[in-house]
**Q** 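Before anything else, here's the structure in question.
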There are 2 protein chains.
Amino acid sequence: MGISERKEREKQDMIKLILDEAMKLFIEEGYENVTMRKIADRIEYSATTIYLYFKDKSEIFYSLLKIAFDKFYESQLSVQNIPDPKERLMAHGLVYIKFAMNNPNYYELMFILDDPVTKMNCPEDWQTSTRTYDLLKKNIQECMDAGCIEKADIEVVAFGLWSLVHGIATLMIKRGFMVPEPFREYLIYNSIQYIFSGVIMK
Amino acid sequence: MGISERKEREKQDMIKLILDEAMKLFIEEGYENVTMRKIADRIEYSATTIYLYFKDKSEIFYSLLKIAFDKFYESQLSVQNIPDPKERLMAHGLVYIKFAMNNPNYYELMFILDDPVTKMNCPEDWQTSTRTYDLLKKNIQECMDAGCIEKADIEVVAFGLWSLVHGIATLMIKRGFMVPEPFREYLIYNSIQYIFSGVIMK
DNA sequence: TTGACAAACTTAACAATGTTAAGTATATTT
DNA sequence: AAATATACTTAACATTGTTAAGTTTGTCAA
C-alpha cells in the first residue's frame, strides 16, 4: 500500500515548508527575532504544530545550519581554480569575508550563536563544517609545497589564518558601524594584503 | 540644606548597588541570563524599582561596558614596559587573548553583543574603548620606526592585527569546545607566533 | 458502510521575560 | 498639621518558548 509512503512524503513536505519559511525569516531578521508564532503564521498552521516536526526552536535552526555550511562551502569553491597557490590563498581569505558580509545571519549561525550548535552531537555533523576547513588546509599545504610560505604545523597555520578572516568578519558584522562606509572595503582588503604578504615569502 | 545632597548620595548609592549586583550576576551568567528580577532579588528591592534608576536593561549593561573597557585597558598596560617593540607587540597580542579568555562575558559585552552598545551615542563614550586601540597603534608605530615591520597605513596594520587576536578570542570563546583542551594554548601561541614572525622583518 | 482507533492539528494555558500603570507608603515642605 | 513630592511596590500586559488537553480528520477492520 502507498498510504504510508504518501504520509511520509507529506511529512517531509511539511518539514521542508517549515524550514523554508524559517530560513526566509531568519535571513531577514536573525535568530532572536524569529519566533515560533511568526513561522506558524507563514506556514499557515498553529505554532504548536511545529513541535510535531521539530523538538524545539534550536533544532529548526540546527537544520538550517547544515544548509548554511553547504552554501558557505560552495562559495569557497569558486576560488579553487586559481592556479597560483599564494594568489589562491589570498583570494580564499577574501571570498570568506565576502560570504560573511553578504550573509551575516548565516555567519552568525555558523560561528557565533550558541543555541543551535548545541544540537550538534554526532561527529558526522561536523563533516559539513570541516569540509571548508580541509579546503583551507589543502591550499596552505600547497603553498608550503610550492615554497610560498614558511613550513610549520598545518593546524597552526590554518587556525591562524582562519582567525584572521574570522576576526575581520565578526568585527565588520558586529562593530562595522564604527568604521565609516567608504573605508571598510579599504581596511579589509589592505589589512589582509599586509598580513598575507608578511606570511608569504618573497 | 544638606537634604538634597544626602538624597543625591542615596541615589548614587542605589545606582552603585544595582550595578554591583548586576555585574556579579553578569560575570557569572552572561547578559542573556541576567534578568531584572534576579537583580531585584539581589538588591532586595522590587524589579520595577530598577527602572527608577535605569531606563531599561541595556542601559544597565551599557554602564558595565565602561567598567569592562577600563579593566581591559588596565590589562593591556601590563605589557607596556617591555623595551623591545616587536616583543612588546607580540606580548600585546597574547595579553589581549588572555583577557578575553579569562573574562569571556566582558569580552562579549565589548565586542560581540549588540544590545548595550546601541546606547553608545555620544562620541566621548568611545574614548574609553579607543584608548586601548590607540595603545596598539602606538606600539605598531614604534615597530615601524624601529624598522621591525613593513611601513604601511597604521590604520590598516592595526585593524589587521586586532582582527587576528579578536578572531582567536571569539573562536575560542564561542567554538573552543571544538578544540581538545591541551591543544588550545598550543594553537593560540603558535598561530600568533607564526603570523607575527611573518609580519616582523628579520 | 460503519464504528473503533490513530494521526494531525488546534486551543488553552504555563512560566519566564522586559516593561508600564496605578496605587501606597514615606519623607519633605509649607 | 495639611499638602505635596519622593521612593517604592503590586498588579498587570504583551511577548517569548513550550506542554497538556481536546478536537477534527483520516485509516482500517468488521
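Numbers restart at 1 for each chain; the letters A, B, ... are given by sequence-line order, proteins then strands. Every heavy atom of this structure was used, including side-chain atoms; hydrogens, water molecules and symmetry mates were not.
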**Q** Verify whether one side chain among B:Gln80 and B:Asn139 offers a donor that lies under 3.5 Å from an acceptor in the other.
**A** yes
**Q** Want to settle it: does B:Ser46 or A:Lys55 sit nearer the 5' end of DNA chain D, counting the closest nucleotide to each?
**A** B:Ser46
**Q** Ignoring hydrogens and angles, does a donor from either the side chain of A:Thr48 or the base of D:dT19 sit under 3.5 Å from an acceptor on the other?
**A** no
**Q** Please tell me which of the listed nucleotides, C:dT17, D:dA20, D:dG17, lies nearest to the side chain of A:Tyr51?
**A** D:dG17
**Q** Measure the distance from CG on B:Asn33 to C1' on C:dG18 and round it to the nearest whole Å.
**A** 15 Å
**Q** A:Lys38 NZ to D:dA14 C1': how many Å, rounded?
**A** 14 Å
**Q** Measure the distance from CG on A:Asp56 to P on D:dT19 and round it to the nearest whole Å.
**A** 8 Å
**Q** Would you indicate what B:Thr35 reaches in the nucleic acid, counting non-hydrogen atoms under 4.0 angstrom: base, sugar-phosphate, or nothing?
**A** sugar-phosphate
**Q** Any salt bridge between A:Glu142 and A:Lys138, counting N to O under 4.0 Å?
**A** yes
**Q** Please state how far atom NZ in B:Lys11 lies from atom P in C:dA27, giving the value in whole angstrom units.
**A** 18 Å
**Q** Between B:Glu8 (CD) and D:dA7 (P), how many Å, whole number?
**A** 10 Å
**Q** Strictly below 4.0 Å, N to O, side chains only: are B:Glu21 and B:Lys24 in salt-bridge contact?
**A** yes
**Q** Could you tell me whether A:Thr49 contacts a base, only the sugar-phosphate backbone, or nothing, with contacts defined as non-hydrogen atoms closer than 4.0 Å?
**A** base
**Q** Roughly how many Å is it from CG in A:Leu25 to C1' in D:dT16, rounded to a whole number?
**A** 15 Å
**Q** May I ask you to establish whether B:Lys57 and B:Tyr31 are in a cation-pi arrangement, using a distance under 6.0 Å from NZ or CZ to the six-membered ring centre and at most 45° from the ring axis?
**A** yes
**Q** Can you tell me the distance, in whole Å, between the CG atom of A:Asp41 and the C1' atom of D:dT16?
**A** 14 Å
**Q** For A:Phe54, report the nucleic acid contact type (base, sugar-phosphate, nothing); a contact means any heavy atom under 4.0 Å.
**A** nothing
**Q** To the nearest 0.5 Å, what is the distance between CG (A:Leu135) and OH (A:Tyr96)?
**A** 13.0 Å
**Q** Name the residue closer to the 5' end of DNA chain C, choosing between A:Arg37 and A:Leu52 according to the nucleotide with the nearest heavy atom.
**A** A:Leu52
**Q** What is the distance from CD1 of B:Ile39 to P of C:dG18, rounded to the nearest Å?
**A** 8 Å
